[in-house]
Chemist: 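Before anything else, here's the structure in question.
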Amino acid sequence: KVMYDLGGFLSSDFSFPGHAMAELCPISQNVKEIAKKPRISDSDSGDPTSRLPDHVLHSILSYLKSEQLFHARLVSKNWHRNTPSYFPLEFDESSFFEKTPTTPAAVIQESHNKFLEWIRSSLETSQSQLIKAEKRVIRVQFKHHENINDIMKLINGIDFHEVYLRFGCINYSIPFIFQSKCLTVVHLTRCGIHKLLFSDEANFANLEEVELDNVHLTGETLSMFISKCPNIRELKLVNCKALRSVLLPKVDRLKKLCVQLVGSYPSITDVQVIAPSLQVFHFVHYNSSNLVVNMDIRACKMLREFHLECPTFPVGFDHEHFISDFPHLENLILGPCETSKRVKISSPSLRKLTLMFTQLYNYNYSRKSVVSVPNLCSFQYVGRTFKSSLAPSETPKFLKTTGISLVPHVEKINRAWFLQLRSHLTKLSNRIGLALIIRAQTSFSELGKQGHKLWSISIGRIPTQVIPHIELLKLDIRLNVPQESHGCLLKYIIDNLLWMSHPNALTLSMPTSFAAFALGICNEFLISRREGNCCADTQNKCWRHFLKDFMVREAVTNEKEELKKFSFVFTWQL
């Protein structure tokens with residue numbers, strides 16, 4: 001989803017004068033976002049590409065993948081006219097037949113043969129469209145391993161630009177990597193790759209993007225593979241079995257590298273990347289062993305986005321000068337990275353900082369970790385609780401809002417927890433967006449009556465400690481089966497959050513199954529105000545006199561659900 005900068009991914013075959021390159025900069029953004037805006041006519045001077053010759057714009061758009069070309073055509077008539085043509089083919093074995101334990105072997109083999117014949121006939125009948133298309137794309141999803149070799153040979157017989165293969169068994173080792181002269185994108189899922197595939201003659205000079213998801217390969221195999229891809233720009237490794245090292249000694253054109261290993265997989269112990277053009281590096285590593293990673297990425301001087309998420313702080317970084325090797329770094333996501341030493345985050349180029357469940361406050365609590373970020377525009381924190389020492393020591397002039405999302409243990413939520421939270425929030429001078437996320441936990445059933453006792457004493461009215469600069473307040477409930485203790489907890493959290501901030505609006509997010517239960521609580525607790533004399537004895541009015549409305553919306557757990565159903569929203573004006 002991260003688009004290459006339109007002024008930066010041009011190959012060396014193109015040469016533009018300085019003013020033309022400057023005009024390209026404003027359009028270096030996600031094509032999907034551009035497509036949401038009103039269409040631009042050819043005569044609109046606001047479109048800098050309208051002044052480019054058609055063949056130049058066509059060459060630029062040819063760098064996009066097929067899924068991005070669809071959106072690029074919607075930007076303007078000029079883009080629609082110059083967008084390269086593409087022809088996609090998609091085959092899914094699971095939708096072709098269904099294998100059951102009682103299905104005779106002869107019927108199963110016949111189904112496999114029909115699937116093979118379906119692909120062969122489709123390729124033959126689509127010859128004319130494939131020849132005319134400037135980008136040829138194929139997606140195949142296998143459910144079983146029969147006839148895979150024959151299908152692979154059929155695919156290899158056509159010069160596809162993009163190949164997406166998902167296998168049904170990770171024990172299957174692919175017989176070869178496609179030798180198409182125009183192949184630029186390869187995505188492989190659930191298969192094995194052996195180092196014997198990469199002989200001295202093997203060369204994938206045009207390959208620019210590789211994604212390996214649940215692929216069985218060693219670090220040596222990975223190094224051999226990537227060494228045969230001199231023009232690779234994007235590499236993504238997700239839960240690759242047997243991968244214990246990521247050693248990429250010379251990848252001059254690599255722009256984006258993502259390594260994700262979550263679950264019961266062998267630990268990655270060594271990471272060495274020498275990529276002078278690397279701009280985005282994501283490293284997310286969690287498993288049961290929690291071994292320390294040796295990481296050396298100091299040669300990546302052009303790094304702009306760094307996402308480091310592992311249990312223990314990697315070996316190879318200087319704690320006192322954590323990101324000093326990356327003078328162009330703009331976005332840092334860090335967490336948990338537990339360490340006993342002080343980690344100093346200081347950078348004049350940093351624009352966005354996100355700390356996730358970080359354990360950095362386990363060391364000397366009185367010492368700041370975020371020391372000098374004068375140009376910071378966004379600070380986000382996600383954790384069990386918040387400590388003001390994790391925020392920038394001096395509020396940057398461009399930082400308008402601090403976003404804080406808390407995911408506390410339910411048994412920890414009590415009066416002391418809220419008082420400590422309020423104490424730390426009062427030390428922040430800029431606006432605050434506060435979100436509280438309550439997840440389903442086994443401790444609910446264990447708390448019983450103790451929960452009712454814990455959640456009966458609020459922090460109450462302390463006017464001098466009200467935090468007026470909390471502008472955004474959201475409560476995200478992720479509980480599916482309502483229980484009696486849920487209602488008590490919900491009222492307790494809302495009451496304390498509103499005592500702290502006196503906001504004008506409150507947003508509640510929750511699953512559909514919990515919504516009706518929560519709405520009953522809100523009707524009783526929010527809409528039904530106290531009598532008119534609730535605050536008659538003091539000039540400091542309670543939060544009920546400030547809250548104007550609240551919103552209840554459905555929480556969507558994943559993107560597929562979001563596409564399948566509409567969110568409901570209830571809004572009350574009090």
Side-chain angles (χ1 to χ4, degrees), residues 219 235 237 243-251 254-262 267-287 289-365 367-376 379-383 387 389-393:
L235 174 61
L237 309 170
L243 186 64
R244 290 179 171 82
S245 63
V246 179
L247 304 178
L248 305 175
K250 189 178 181 182
V251 277
L254 188 65
K255 299 287 186 181
K256 182 177 181 181
L257 173 61
C258 297
V259 181
Q260 178 180 323
L261 193 67
V262 180
S267 295
I268 295 177
T269 56
D270 292 288
V271 176
Q272 183 184 28
V273 181
I274 301 177
S277 300
L278 189 68
Q279 296 183 11
V280 178
F281 180 38
H282 293 184
F283 186 81
V284 180
H285 185 222
Y286 290 102
N287 63 6
S289 59
N290 290 338
L291 294 177
V292 180
V293 180
N294 294 293
M295 184 175 295
D296 184 2
I297 59 171
R298 292 171 295 177
C300 307
K301 299 296 184 181
M302 299 302 296
L303 197 63
R304 297 173 61 182
E305 180 177 326
F306 186 20
H307 181 176
L308 178 61
E309 193 173 346
C310 50
T312 308
F313 198 78
V315 174
F317 289 106
D318 186 346
H319 288 69
E320 285 292 320
H321 305 89
F322 173 43
I323 53 177
S324 60
D325 290 320
F326 316 118
H328 305 285
L329 189 66
E330 297 180 359
N331 186 5
L332 174 62
I333 304 173
L334 185 64
C337 296
E338 185 174 358
T339 177
S340 59
K341 297 181 180 180
R342 179 179 186 251
V343 178
K344 180 180 178 181
I345 299 176
S346 180
S347 171
S349 64
L350 199 64
R351 300 290 188 273
K352 185 176 181 180
L353 174 62
T354 303
L355 301 180
M356 303 175 59
F357 293 93
T358 181
Q359 301 297 315
L360 295 179
Y361 55 78
N362 281 350
Y363 61 84
N364 190 347
Y365 172 68
R367 304 177 71 184
K368 298 287 185 178
S369 55
V370 183
V371 179
S372 177
V373 281
N375 295 310
L376 194 69
F379 175 70
Q380 305 288 328
Y381 175 81
V382 182
K387 295 184 182 295
S389 64
L390 292 172
S393 54

Chemist: Determine whether the aromatic ring centres of residues Phe326 and Phe281 are separated by less than 6.0 angstrom.
Modeler: no
Chemist: What residues form a side chain to side chain donor-acceptor pair (under 3.5 Å) with Asn294, not counting sequence neighbours?
Modeler: none
Chemist: State, to 0.1 Å, how close Met356 and Ile333 come at their nearest heavy-atom pair, and which atoms those are.
Modeler: SD-CG2, 3.5 Å
Chemist: For Phe283, check ring pair (Phe, Tyr, Trp, His ring centres under 6.0 Å) against everything at least two apart and list the hits.
Modeler: His285
Chemist: Hey, mind stepping through Lys255 and Ser277 against side-chain contact (heavy atoms from CB on, under 4.5 Å) and telling me if it holds?
Modeler: CA-CA 6 Å; Lys255 299 287 186 181; Ser277 300; 4.0 Å; yes
Chemist: Can you tell me how the ring of Phe306 sits relative to the ring of Phe317, calling it parallel under 30°, perpendicular over 60° and tilted otherwise?
Modeler: tilted
Chemist: Would you give the length of the straight line joining atom CD of Glu330 to atom CG of Leu376, rounded to the nearest 0.5 angstrom?
Modeler: 11.5 Å
Chemist: Salt bridge (Lys or Arg N to Asp or Glu O under 4.0 Å): which pairs involve residues 345-355, sequence neighbours left out?
Modeler: none
Chemist: Got a sec, which residues hit salt bridge (charged side-chain N to carboxylate O under 4.0 Å, His left out) with Glu309, two or more places apart in sequence or on another chain?
Modeler: none
Chemist: Which pair of heavy atoms, one from Val273 and one from Leu257, lies closest together, and at what distance?
Modeler: CG2-CD2, 3.7 Å
Chemist: Roughly how far, to the nearest 0.5 Å, is the CD atom of Gln279 from the CE atom of Met302?
Modeler: 6.5 Å
Chemist: With sequence neighbours excluded, tell me which residues meet side chain to side chain donor-acceptor pair (under 3.5 Å) with His319.
Modeler: Thr339
Chemist: How long is the span from the OG atom in Ser324 to the CD1 atom in Ile345, to the nearest 0.5 Å?
Modeler: 12.5 Å
Chemist: Return the OG to CD1 distance between Ser349 and Ile323, rounded to the nearest 0.5 Å.
Modeler: 7.0 Å
Chemist: Sequence neighbours left out, what passes salt bridge (charged side-chain N to carboxylate O under 4.0 Å, His left out) with Asp296? Give chain and number order.
Modeler: Arg298
Chemist: Apply side-chain contact (heavy atoms from CB on, under 4.5 Å) to Thr312 and list each qualifying residue two or more places apart in sequence or on a separate chain.
Modeler: Val292
Chemist: For Thr269 and Ser267, does a side-chain donor sit closer than 3.5 Å to a side-chain acceptor?
Modeler: no
Chemist: Can you name the closest pair of heavy atoms from Ser347 and Pro374 and give their distance?
Modeler: O-CD, 3.8 Å
Chemist: Within the structure provided, determine whether Val251 and Ile274 are in side-chain contact (heavy-atom separation under 4.5 Å).
Modeler: no
Chemist: Compare every heavy atom of Cys310 with every heavy atom of Pro336, then report the nearest pair and how far apart it is.
Modeler: CD-O, 3.3 Å
Chemist: Please find the pair of heavy atoms, one from Val293 and one from Val271, that lie closest to each other, and give the distance.
Modeler: CG1-CG2, 4.0 Å
Chemist: Could I get the full list of side-chain contact (heavy atoms from CB on, under 4.5 Å) partners for Ser346, not counting sequence neighbours?
Modeler: Lys344, Ser372
Chemist: So, taking the atom named CG in Leu261 and the one named CG in Leu237, what distance separates them when rounded to the nearest 0.5 Å?
Modeler: 10.0 Å
Chemist: Could you go through the side-chain contact (heavy atoms from CB on, under 4.5 Å) check for Leu235 and Val259 one step at a time?
Modeler: CA-CA 8 Å; Leu235 174 61; Val259 181; over 6 Å; no
Chemist: Residues two or more places apart in sequence or in another chain: which of them pass ring pair (Phe, Tyr, Trp, His ring centres under 6.0 Å) with Phe379?
Modeler: none
Chemist: Nearest 0.5 angstrom please: Ile297 CD1 to Leu308 CG, how far?
Modeler: 8.0 Å
Chemist: Can you name the ring pair (Phe, Tyr, Trp, His ring centres under 6.0 Å) partners of His282, sequence neighbours left out?
Modeler: His307
Chemist: Applying side-chain contact (heavy atoms from CB on, under 4.5 Å), name anything that partners Leu247, two or more places apart in sequence or on another chain.
Modeler: Ser223, Ser245, Asp270, Gln272
Chemist: Among all residues two or more places apart in sequence or in another chain, which pass the side-chain contact (heavy atoms from CB on, under 4.5 Å) test with Lys301?
Modeler: Asp325
